Chemist: 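Next up is a structure, given as structure tokens.
Note that the structure is a prediction, hence the values are computed from the model and not measured.
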Amino acid sequence: TPQLPGFTKGLQARDGSVWYGREGRSRVLRYDPVGRSTTYRHPSELYGGFPGFETDVWFHTTEQAVRHSGDHWIAHGAADGFLTGPIFGMQQTADGSLWFFGDHHSQAAVARWDGTGWFILTLADGVVDATWPRYPQDSPSMRARILVASDGAIWMAGEHEGHAAVSRWDGSQVRLFTPADGLKGDLAMILYEDSTGQIWTGTKYRSDEGAGLHRWDGQRWHTYTKADGLASSYISWATEWPSGSLWFGTKLGFARPFIADDGSMTWWNKTDIPVTWGKPQDFVPNRDGLWFTYISNRGGGAGRFDGKDW
């Protein structure tokens, strides 16, 4: 069976096929639903990888969005209404739309593919100005820097004029949030919407020191740091269990907020991650706990946290 040594990305297309590849390589491997494998090559290095609206699969190069459809590659460039480039990353939101991050005529921009055509928002429209990291160095954060909220608004996290910023596009105009609105730090790393509709973002400084966790309640931002009971002010991910409990990942472990009737918040921190497990990532909540993968100098694996124990 053909293999791609050290593959770092896997996805399932809508036809049931499973694709594997490595960031920055030109080969991808496809297994069809009955297990037959086919290797496809592209003339350029490929990054990303997400299923399309039909049976196609999307990637990007440093200059174009590319999709594999049938048995051939289709490129989307500036002449097709796409960004002029370079392209730094891509993400898929819950509604199936594909978002690409990069430059458009020398301005920071995002481009959305909705299944029929391209739509572009640039710095001039008020979106965050971010130096989007190139895969794979920051891919966990990359996947969480754009969010389609339950009200249909598009949220984006990054920076603006050297400081942490978050922008919200409601379909007609963009609202930009900066330190003047209560955010701290130099870069907003993640975005998450909880079941009550509140928006959360974690920010950091250029020194890689955490700046805090911020919550948008629809009117203003609330900020939480070590001074408020968090074990660490560096927030790298967020998730919600089916029971409704919120969990956040920090550099030291997990943190869970408890909100009192008067609105005050206290934190329960779980920091005794087994040393040999290294750094947890890619979290998936389930009824029996929080599943995640981890990477260490001894290799990697999967782990589960049940709310009390590892």
Chemist: Any salt bridge (charged side-chain N to carboxylate O under 4.0 Å, His left out) involving residues 37-59? Give me the pairs, sequence neighbours left out, ordered by first then second residue.
Modeler: D56-R67
Chemist: Might you point out which heavy atoms bring S195 and E240 nearest each other, and give the distance in Å?
Modeler: OG-OE2, 2.6 Å
Chemist: How far does CD1 of I146 sit from OG of S97, to the nearest 0.5 angstrom?
Modeler: 9.0 Å
Chemist: Check whether Y234 forms a cation-pi arrangement with K251 (NZ or CZ under 6.0 Å from the six-membered ring centre, at most 45° off the ring normal).
Modeler: yes
Chemist: Please name all residues satisfying side-chain contact (heavy atoms from CB on, under 4.5 Å) with D15, sequence neighbours left out, ordered by chain then number.
Modeler: A13, S17, R30, T55
Chemist: Can we call the ring centroids of H76 and W113 under 6.0 Å apart?
Modeler: yes
Chemist: So, are R112 and D95 salt-bridged, with charged N and O less than 4.0 Å apart?
Modeler: no
Chemist: In the single-linkage hydrophobic clustering (I, L, V, M, F, W, Y; side-chain heavy atoms under 4.5 Å), do L252 and I235 co-cluster?
Modeler: no
Chemist: I need the F53 CZ to D114 CG distance, nearest 0.5 Å.
Modeler: 6.0 Å
Chemist: With a 4.5 Å cut-off on side-chain heavy atoms, are L147 and E193 touching?
Modeler: yes
Chemist: Report the C-alpha distance between T62 and I87 in whole Å, list the side-chain angles of each, state the deciding distance to 0.1 Å, and finish with yes or no for side chain to side chain contact (heavy atoms under 4.5 Å, CB included).
Modeler: CA-CA 5 Å; T62 57; I87 312 305; 5.9 Å; no
Chemist: Does the ring centre of F254 sit less than 6.0 Å away from the ring centre of W237?
Modeler: yes
Chemist: Could you go through the side chain to side chain contact (heavy atoms under 4.5 Å, CB included) check for D103 and F88 one step at a time?
Modeler: CA-CA 8 Å; D103 288 347; F88 301 129; 4.1 Å; yes
Chemist: Give a yes or no on whether the ring-centroid distance for F82 and F100 is below 6.0 angstrom.
Modeler: yes
Chemist: What pair of heavy atoms forms the shortest contact from T203 to A164, and how long is it?
Modeler: CG2-CB, 3.9 Å
Chemist: When the aromatic ring centroids of W19 and Y40 are compared, is their separation below 6.0 Å?
Modeler: yes
Chemist: Less than 4.5 Å apart, side chain to side chain, heavy atoms only: is that true for F177 and W155?
Modeler: yes
Chemist: In the single-linkage hydrophobic clustering (I, L, V, M, F, W, Y; side-chain heavy atoms under 4.5 Å), do F119 and F101 co-cluster?
Modeler: yes
Chemist: Rounded to the nearest 0.5 Å, how far apart are CD1 of I259 and OG of S264?
Modeler: 9.0 Å
Chemist: Taking side chain as C-beta onward, heavy atoms only, is T38 less than 4.5 Å from R36?
Modeler: no
Chemist: Taking all atoms of both residues into account, what is the closest heavy-atom pair of S236 and I190, and its distance?
Modeler: O-CG2, 3.3 Å
Chemist: Do R215 and W221 touch side chain to side chain, with heavy atoms closer than 4.5 Å?
Modeler: no
Chemist: In terms of hydrophobic clusters joined by side-chain contacts under 4.5 Å, are V18 and L29 together?
Modeler: yes
Chemist: Okay, side chain of R168, backbone of L176: is any donor-acceptor separation there less than 3.5 Å?
Modeler: no
Chemist: Using modelled atom types and a 3.5 Å cut-off, is there a donor and acceptor pairing between side-chain atoms of H104 and backbone atoms of A109?
Modeler: no
Chemist: With heavy-atom distances below 4.5 Å as the criterion, would you say the side chains of V28 and Y20 are in contact?
Modeler: no
Chemist: List the atom of W118, the atom of A111, and the distance in Å for their closest heavy-atom pair.
Modeler: CE3-CB, 4.0 Å
Chemist: Without swapping roles, check the side chain of T93 against the backbone of V148 for a donor-acceptor pair under 3.5 Å.
Modeler: no
Chemist: Are W247 and Y192 close enough that their ring centres sit under 6.0 Å apart?
Modeler: no
Chemist: How many angstroms lie between atom CD of E161 and atom CG of L123, to the nearest 0.5 angstrom?
Modeler: 8.5 Å
Chemist: For D194 and G197, indicate whether the former's side chain and the latter's backbone hold a donor-acceptor pair under 3.5 Å.
Modeler: yes
Chemist: Taking side chain as C-beta onward, heavy atoms only, is I120 less than 4.5 Å from V110?
Modeler: no
Chemist: Applying the ring-ring contact (aromatic ring centres under 6.0 Å, His included) criterion to H68, which one of W58, W73, F59 satisfies it?
Modeler: W73
Chemist: Atom NE2 of H160 and atom OG1 of T178: how far apart are they, to the nearest 0.5 Å?
Modeler: 7.0 Å
Chemist: Please test W99 against I154 for side chain to side chain contact (heavy atoms under 4.5 Å, CB included), starting from the C-alpha separation and ending with a verdict.
Modeler: CA-CA 11 Å; W99 294 79; I154 307 296; 3.7 Å; yes
Chemist: Could you list the residues that satisfy side-chain contact (heavy atoms from CB on, under 4.5 Å) with H163, not counting sequence neighbours?
Modeler: P179, D186
Chemist: Would you mind reporting whether P257 and F248 have side-chain heavy atoms less than 4.5 Å apart?
Modeler: yes
Chemist: Mind checking whether V66 and L11 sit in one hydrophobic cluster, side chains of I, L, V, M, F, W, Y counted as touching below 4.5 Å?
Modeler: yes
Chemist: What's the separation between atom CE in M189 and atom CD in E159, rounded to the nearest 0.5 Å?
Modeler: 13.0 Å
Chemist: Closest heavy-atom contact between V174 and S167?
Modeler: CG1-CB, 3.8 Å
Chemist: Of the non-hydrogen atoms in A255 and L230, which two are nearest, and what is the gap between them?
Modeler: CB-CD2, 3.6 Å
Chemist: Within the 4.5 Å heavy-atom criterion, are S44 and E63 side-chain neighbours or not?
Modeler: no
Chemist: We want to know whether W200 and H214 form a side-chain donor-acceptor pair, criterion being a heavy-atom distance below 3.5 angstrom.
Modeler: no
Chemist: Say whether N269 and T271, considering side chains only, have a donor N or O and an acceptor N or O under 3.5 Å apart.
Modeler: no
